[in-house]
Amino acid sequence: MATMRGISSISDMLVFSLLISTAATFLFPMPFDPTTGNTRYAASYSHSLLLALRNTTAAQLGGFRYNLGAFGLDIPSVWSSAVKDLRYKTVAELLAEDALLNMKAEFAGKNMSPLRLNEDMDKKLRLFLKSALDETIGGRFGYRLIARTTPLDLGLIRLSFETTVENLEGWSRQFWLETTNIPLPVSTQSLVSVTENMLGLELPELEAEPFIEVTLELWSR
Amino acid sequence: MALTIGEDVFSALVVSLLLSIFIISLIHTWCAQGERLKSIEEFTSAVRVAEQLRDQVLAGSFPGLLEPSSGRLDNFARSRQLNLYVKVRDLSGTTIFSYGQAPEHPTTVSLPAALAMGDGSAKPCELLVGVWRR
């Protein structure tokens with residue numbers, strides 16, 4: 001009799017502990033995503049950075065100047081008066097100017113761009129942007145900044161612009177992406193008129209106002 | 001097989017010990033997760049406050065342009081019943097504007113911004129915000 005009571009007690013205890021374990025498992029909290037806070041911060045950070053680029057003037061980042069092209073001729077007297085100092089312009093305005101001066105023209109898929117007199121500006125602006133972004137982001141994230149216009153169709157001619165600045169060495173995963181639009185500093189009529197003069201062609205009107213789409217990607221390790 | 005009273009008691013002790021260890025580890029896990037959730041919530045709240053400061057309280061003439069003001073920060077902190085610590089510093093780390101006393105272990109958030117210089121130019125800077133409840 002004592003034997004049966006002993007075995008029964010042990011069985012009861014084992015069943016009891018099993019029931020408690022099962023109940024506790026059901027009550028165990030659902031796992032949470034530890035990256036929620038980081039994603040929220042990345043979203044806010046990228047938005048803030050794009051706003052800062054729209055407002056910050058080049059003078060506060062060391063100034064920005066470039067040499068106007070002179071058909072490849074190296075004439076010091078020409079160069080000295082052909083330097084453009086754009087320290088008063090914001091970073092966003094510099095991007096817009098770069099897009100306007102370095103627009104690519106294609107005819108039936110073939111590049112028609114004449115001598116690129118403002119290549120110096122594009123090259124220097126990319127270096128300027130990289131330095132500014134490296135200093136501002138300071139290793140918190142890897143980044144890729146892409147500035148591009150939506151392709152502008154003018155009949156057989158297609159205008160487009162794209163420039164990219166990035167620092168992705170050691171960064172493996174795109175974490176967040178934010179986009180903003182910057183208007184081009186000319187009207188569609190002026191843009192068409194300038195392109196007509198450049199290419200010696202008569203072109204149809206543009207329907208939509210052109211703008212630059214600036215995308216900032218933030219990357220994590 | 002006959003069981004003695006001693007073996008019966010021993011089994012009961014073993015089961016109780018196992019249960020206790022299980023319950024203690026469960027409580028510890030709940031507490032740790034509670035702490036983690038709390039710190040994420042505090043951080044997200046600090047990000048939200050930093051965005052409000054950037055967009056409304058310290059906003060200048062353009063979105064993203066800062067014009068710091070201690071008075072506006074006072075009003076904001078009072079209306080939200082928050083303790084606030086705000087610092088604006090340039091990219092070299094020099095403090096340009098400071099408000100409030102930083103507590104020992106604040107939850108702080110840093111966002112890039114542009115500071116209005118008054119001469120039409122804007123300087124890139126860092127907006128540091130620390131928030132904790134009164």
Side-chain angles (χ1 to χ4, degrees), chain A residues 2-18 20-21 24-25 27-61 87-91 132-138 140 180, chain B residues 1-16 18-19 22-23 25-26 29-30 33-34 36-37 39-44 46-48 50-51 54-55 60-66 90-93 109-117 119-127:
Chain A
T3 308
M4 291 310 296
R5 277 210 300 270
I7 292 171
S8 172
S9 294
I10 293 168
S11 305
D12 287 344
M13 277 180 220
L14 285 171
V15 168
F16 175 68
S17 59
L18 192 66
I20 293 289
S21 307
T25 309
L27 291 171
F28 202 90
M30 292 294 289
F32 69 97
D33 183 3
T35 64
T36 308
N38 292 339
T39 308
R40 181 77 176 79
Y41 178 60
S44 191
Y45 192 94
S46 57
H47 185 66
S48 300
L49 185 52
L50 287 176
L51 283 176
L53 290 178
R54 291 189 87 136
N55 288 297
T56 302
T57 43
Q60 298 293 342
L61 287 165
R87 57 179 51 238
Y88 58 92
K89 293 210 166 189
T90 66
V91 175
L133 288 169
D134 283 344
E135 210 181 339
T136 309
I137 296 176
R140 283 185 189 88
T180 189
Chain B
M1 189 178 88
L3 281 171
T4 63
I5 292 171
E7 282 170 337
D8 200 9
V9 168
F10 176 72
S11 305
L13 280 172
V14 166
V15 167
S16 303
L18 285 172
L19 264 176
F22 181 80
I23 289 167
S25 62
L26 198 62
T29 309
W30 274 334
Q33 182 158 346
R36 275 201 298 270
L37 281 171
S39 70
I40 287 176
E41 207 181 287
E42 280 174 0
F43 182 73
T44 310
V47 170
R48 218 175 297 127
E51 285 172 342
R54 180 198 69 204
D55 294 337
S61 39
F62 295 103
L65 195 63
L66 295 184
D90 63 17
L91 298 185
S92 64
V109 161
S110 152
L111 293 178
L115 182 70
M117 298 304 288
D119 59 353
S121 67
K123 187 177 187 139
C125 63
E126 200 184 0
L127 173 66

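The model shown is predicted, which means the values in this text are computed figures rather than measured ones. The figures here come from the full heavy-atom set of this structure, side chains too, leaving out hydrogens, waters and symmetry mates. Numbered from 1 within each chain, the chains take letters A, B, ... in sequence-line order.
- When the candidates Pro124(B), Ala113(B), Gly64(B) are compared by the number of heavy-atom contacts under 4.5 Å with chain A, Pro124(B) comes out ahead.
- To the nearest 0.5 Å, atoms CG (Leu51(A)) and OG1 (Thr180(A)) are separated by 7.0 Å.
- Neither the backbone nor the side chain of Arg54(A) comes within contact range of chain B, judged by heavy atoms closer than 4.5 Å.
- Residue Ser16(B): no heavy atom, backbone or side chain, is found under 4.5 Å from chain A.
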**Request:** Let me see the working for Leu53(A) and Leu133(A) under side chain to side chain contact (heavy atoms under 4.5 Å, CB included), right down to the final yes or no.
**Result:** CA-CA 9 Å; Leu53(A) 290 178; Leu133(A) 288 169; 4.3 Å; yes

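- Contacts between Glu126(B) and chain A at a heavy-atom distance below 4.5 Å involve the side chain alone, from C-beta outward.
- A pairwise comparison of heavy atoms in Tyr45(A) and Ile137(A) identifies OH-CA, 3.3 Å as the closest pair.
- Distance OG1/Thr57(A) to CG/Asp119(B): 7.5 Å, rounded to 0.5 Å.
- With sequence neighbours excluded, no residue satisfies side chain to side chain donor-acceptor pair (under 3.5 Å) with Lys123(B).
- Residue contact with chain B, scored on non-hydrogen atoms closer than 4.5 Å, involves the side chain of Leu61(A) exclusively.
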